[in-house]
Structure formats: structure tokens, C-alpha cells
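For reference, the structure discussed in these notes is given below.
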Amino acid sequence: MKHLALIVAAGLVSSCGVVGAPVAPGTVGVTPTIESQKRQHEALAAQQREAAAAAKSGEPDSVLLDQDELLPPLRPVGTR
């Protein structure tokens with residue numbers, strides 16, 4: 001019985017504590033997560049600005065050129 005109690009005690013003592021290597025406090029928490037998200041948003045905004053600048057300097061869309069066409073009225077007059 002003493003051997004069993006010794007084995008259980010040794011198992012409990014060895015299971016206490018943190019598993020793995022220590023982690024620096026600057027890489028855990030809300031602040032580093034927010035900073036990484038800000039960097040991602042800035043990179044995305046920069047890509048969108050570049051795409052917008054490229055679109056402005058390019059040729060106009062053919063869809064926008066066709067907007068001056070005369071269209072029939074939505075509700076014809078005199079019919080039900």
C-alpha cells in the first residue's frame with residue numbers, strides 16, 4: 001500500500017508546473033495581438049491604396065462608358 005501511495009504522490013508532484021519552455025511576457029496578452037492586427041490592417045490599406053492608384057492611372061472601365069445610353073422608362077405610360 002505504501003508503494004502505491006508513493007507512486008501516486010510521485011505522479012502528482014511531477015505533473016505540477018508548466019509544460020514547455022518559458023514564454024516572454026511581451027509576446028502574450030492583448031497588446032501584442034492588437035499591434036499585430038494593426039500591422040496587418042496597415043499592410044492591407046497600403047495594398048488597397050496601390051490598387052486604387054493603379055486603377056486611376058489605367059484606362060476607364062467599359063462598363064462606365066456605357067452609362068450614357070438611353071433606357072426605356074421603367075413604367076410605360078398608358079398601359080396597365
| Roughly how far, to the nearest 0.5 Å, is CZ of Arg39 from CD1 of Ile34? | 12.0 Å

| Pro32 versus Gly26, closest heavy-atom pair with distance | CG-O, 3.1 Å

| said: To the closest 0.5 Å, what do you measure between CG (Leu4) and CE (Met1)? | reply: 6.0 Å

| task | Enter the distance from Gln40:CD to Glu35:CD here, rounded to the nearest 0.5 Å. | result | 12.5 Å

| said: Working to the nearest 0.5 angstrom, can you tell me the gap between Gln48 CD and His41 NE2? | reply: 11.0 Å

